[in-house]
Amino acid sequence: TIMQFSEENIRINITLSRYDYHRLKLWCKIRGRTPAAFAGQLVSSAIEANFDLINAQAADYAKWQKRTLEDMIDEASGEE
């Protein structure tokens, strides 16, 4: 199944410890990025790096739920 998603960006809120936030701000200052933009890049990179693991876990979860992976992907695509 080929997933087709809109190219628009989705805004989410995350919670960090004060320590992690200060480290993120320092890293952003070094890289010349805003915390929000850099955090988004970090999350995207982590997802890309774990793509196969995410797919394997999703397939296992779908099987456990007695559903198809395609149905779960379609459902997740509609959530925002």
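From a predicted model like this one, the values you see are computed outputs, not experimental measurements.
How far CG of Asn55 is from CD1 of Ile73: 7.0 Å, rounded to the nearest 0.5 Å. Here the CG-OG distance, from Asn50 to Ser45, works out to 10.5 Å after rounding to the nearest 0.5 Å.
The ring pair (Phe, Tyr, Trp, His ring centres under 6.0 Å) search around Tyr21 returns none, not counting sequence neighbours. Partners of Ala56 under the side-chain contact (heavy atoms from CB on, under 4.5 Å) rule, at least two apart in sequence or in another chain, do not exist in this structure. A search for side chain to side chain donor-acceptor pair (under 3.5 Å) contacts involving Gln57 returns nothing, not counting sequence neighbours. In this structure, the side-chain contact (heavy atoms from CB on, under 4.5 Å) partners of Ile30, at least two apart in sequence or on a different chain, are Leu26.
Minimum interatomic distance between Pro35 and Cys28 (heavy atoms only, all atoms of both residues): CA-SG, 3.5 Å. When all heavy atoms are compared, the tightest approach of Ile54 to Ile47 is CD1-O, 3.8 Å.
Residue pairs meeting the salt bridge (Lys or Arg N to Asp or Glu O under 4.0 Å) criterion with at least one partner in residues 16-34, sequence neighbours excluded, do not occur; the list is empty.
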Show me the donor-acceptor pairs within less than 3.5 Å that the side chains of residues 58-69 make with the rest of the protein, sequence neighbours left out.
| from | atom 1 | to | atom 2 | distance (Å) |
| --- | --- | --- | --- | --- |
| Arg67 | NH1 | Glu75 | OE1 | 3.4 |
| Arg67 | NH2 | Glu75 | OE1 | 2.8 |
| Thr68 | OG1 | Asp71 | N | 3.0 |
| Thr68 | OG1 | Asp71 | OD2 | 3.1 |

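Grouping the Ile, Leu, Val, Met, Phe, Trp and Tyr side chains by contacts below 4.5 angstrom, directly or via other members, places Val43 apart from Ile10.
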